[in-house]
Each structure stands twice: as structure tokens, then as C-alpha cells.
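Below is one structure, written out as C-alpha cells; comments come after it.
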Amino acid sequence: RRQMRDWAATHGAIWVWAPGYVDLETGRASLAAVKDATGFEVRELAVDTDPRVVSTAVGLRFGLPGKFGPFARFGAPKLDTYKPVLSPVPQPGDEVLANYLGGKPAVVLRRGSAGRPQVFCGTYQVPGELVRGVASASGVHFYAPNGTAVYTNGRDIGVYAMRDGEVTVTPKAPGAYRDYFTGRAFSGAAFTIPMRKGETVILRKDEKKERK
């Protein structure tokens with residue numbers, strides 16, 4: 001637990017649902033073990049607590065959807081077997097990104113001593129917007145806008161369009177690339193590619209052009 005906590009403090013982390021809740025040394029549920037693993041003090045809410053969450057104004061600015069969690073459409077039956085429901089206790093400087101329907105904190109952001117964000121997310125359904133926000137605050141490079149599937153080996157870049165429209169690709173460093181399928185050439189710090197939903201573009205580093 002301590003090793004995970006120390007590693008996360010310098011890399012950024014999202015602690016999901018009930019991390020460390022079962023103390024493997026004793027075989028018992030332990031809120032102290034959760035704190036030991038994550039650094040967050042938590043409280044266990046009543047078993048019938050509704051696990052769905054609503055973003056705060058701070059959470060919306062962070063990029064979170066307005067509602068998420070189990071049955072996030074808020075019209076479906078409540079999930080009865082969701083247990084435990086843990087609520088992180090905010091400390092000075094923490095930001096509450098979302099609350100449970102009953103008003104207790106559900107998602108709390110802590111910037112961390114090394115500037116790496118630490119998030120405790122009490123719901124096990126983590127929205128992609130939360131992952132992206134934490135990654136951005138951790139200094140992760142984004143090759144394309146939100147909603148675009150990107151695959152890379154650090155040199156070549158694969159882009160899959162989730163919708164029709166132009167996709168702006170930003171390599172880690174300016175360079176020359178060529179579309180593996182069509183031979184189209186691209187270069188610069190960023191370039192825009194018209195794409196149709198379901199289309200894949202594989203950009204291979206054009207090392208010959210760069211040497212010239």
C-alpha cells in the first residue's frame with residue numbers, strides 16, 4: 001500500500017471505488033487501509049446510499065459530465081448491490097469535483113506535493129473526461145482532441161475517427177509523416193486531416209524527408 005501511494009504521488013493517480021478496502025494482512029475491511037494506500041481519509045456511507053453522482057461547478061470546469069456513475073441516465077432502477085460506498089473527506093486545498101445524490105463528496109481532487117493530481121473516485125464507473133483531465137494535469141501529451149482514438153508506439157501514429165470532421169493531430173515533436181494507406185504527406189508541429197466516421201489513418205514517420 002505504501003509503495004503504491006509513494007509511486008502515485010509523483011505520477012498522478014485516480015483511486016477508484018474502494019482501493020485498499022480489504023486489508024490483506026488481517027482479511028478484514030479497513031478504512032485505515034484505504035487511507036494508507038491512497039492518502040485519502042474516507043467514510044463509509046449507508047448501504048442504501050445511491051451511488052450515482054452529480055458534478056459540482058468545479059467538476060464541470062474540470063471537464064466532467066454533469067452526471068455519471070451506475071445507471072447514470074438517472075431514470076433506471078437503482079443498483080442495490082453497490083457496496084461499499086466510500087466518501088472521501090476533503091482536506092484544505094482539495095477540490096470536490098462531484099457529490100453523491102445525497103450531497104456527500106464522491107470525487108475529490110488533490111493536487112499533491114509534487115504537483116501531480118491525486119483523485120479519489122468513489123464510483124467504479126470512471127468517465128473518460130476524468131481520466132483525460134488527470135492525464136492533462138500530469139503533463140501527458142495529447143495527440144488529438146477528445147473523442148478521437150489514438151494509438152502510437154512513440155514514433156508512428158494511428159488515428160481512428162469517431163465522427164465525421166477534421167481531426168488535428170499534434171505529434172510530440174514537429175516532423176514529417178506519410179499516410180501508410182494513401183501516401184499523403186503531412187509535416188509541422190500539427191496538421192489537420194479530414195476524416196469520416198470509422199476511418200483509420202496511420203501516419204508513419206517520414207525519416208527520409210526529415211534527413212533531407
Side-chain angles (χ1 to χ4, degrees), residues 1-140:
R1 292 192 297 269
R2 186 59 53 84
Q3 286 178 334
M4 290 197 314
R5 178 179 170 185
D6 290 346
W7 187 92
T10 58
H11 293 80
I14 302 176
W15 301 99
V16 180
W17 185 34
Y21 181 68
V22 177
D23 185 345
L24 299 181
E25 296 168 356
T26 64
R28 298 178 179 179
S30 169
L31 299 185
V34 175
K35 183 176 182 180
D36 193 33
T38 69
F40 285 87
E41 179 185 354
V42 298
R43 294 171 179 162
E44 186 166 356
L45 303 184
V47 68
D48 60 347
T49 297
D50 195 314
R52 297 173 294 180
V53 303
V54 178
S55 296
T56 63
V58 175
L60 293 175
R61 289 196 296 271
F62 193 77
L64 297 185
K67 303 173 182 178
F68 57 97
F71 298 118
R73 287 175 295 181
F74 282 58
K78 189 178 72 172
L79 183 62
D80 293 326
T81 57
Y82 190 98
K83 187 179 184 301
V85 179
L86 302 183
S87 175
V89 179
Q91 300 299 312
D94 290 354
E95 299 173 73
V96 179
L97 302 184
N99 291 316
Y100 293 111
L101 288 184
K104 296 294 185 181
V107 182
V108 169
L109 168 65
R110 181 172 297 164
R111 295 295 177 177
S113 58
R116 300 303 187 187
Q118 305 286 301
V119 172
F120 192 99
C121 180
T123 172
Y124 62 76
Q125 292 190 359
V126 182
E129 294 88 346
L130 179 59
V131 176
R132 187 177 180 88
V134 170
S136 178
S138 299
V140 173

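Values in this document were obtained by computation on a predicted structure and should not be read as measured data.
Residues that satisfy the ring pair (Phe, Tyr, Trp, His ring centres under 6.0 Å) test with F62, not counting sequence neighbours, are absent from this structure. Residues passing the salt bridge (charged side-chain N to carboxylate O under 4.0 Å, His left out) test with R28: none are found, sequence neighbours excluded.
Closest heavy-atom contact between Y21 and K83: OH-NZ, 4.5 Å. Smallest separation of non-hydrogen atoms from P105 and P88: O-CD, 3.3 Å. In plain terms, the two heavy atoms of R110 and G39 that are nearest each other are NH1-O, 2.9 Å. Heavy atoms only, all atoms of each residue included: V107 and F68 are closest at CG2-CZ, 4.0 Å. Between L45 and Y100, the shortest heavy-atom distance links the atoms CD1-CD1, 3.7 Å. Here the closest non-hydrogen pair linking P84 and A18 is CG-CB, 4.0 Å.
Between V96 and V58, the closest side-chain pair of non-hydrogen atoms is not below 4.5 Å. With contacts defined as side-chain heavy-atom distances shorter than 4.5 Å, the pair N99/V54 does not qualify. Residues R52 and K67 fail the side-chain proximity criterion, which asks for heavy atoms closer than 4.5 Å.
We find the CG-CD distance between L86 and E41 to be 12.0 Å, quoted to the nearest 0.5 Å. Note that the CG atom of L31 and the CG atom of D23 stand 11.0 Å from one another [nearest 0.5 Å].
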Under the criterion side-chain contact (heavy atoms from CB on, under 4.5 Å), I'd like the reasoning laid out for K35 against R1: C-alpha separation, chi angles, the key distance, then a yes or no. CA-CA 9 Å; K35 183 176 182 180; R1 292 192 297 269; over 6 Å; no
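Checking side-chain atoms of R116 against main-chain N and O of A9 turns up no donor-acceptor pair under 3.5 Å. Judged purely by atom type and a 3.5 angstrom limit, S55 uses its side chain to pair as donor or acceptor with the backbone of P65. Distance alone, capped at 3.5 Å, is enough to place a donor-acceptor pair between the T123 side chain and the Q125 backbone. Without hydrogens or angle criteria, T38 side chain to W15 main chain gives no donor-acceptor distance under 3.5 Å. Between the side chain of R132 and the backbone N or O of G63, no donor-acceptor pair lies under 3.5 Å.
Just one residue in the list D94, L97, V16, V34 forms a side chain to side chain contact (heavy atoms under 4.5 Å, CB included) with F120, and that residue is V34.
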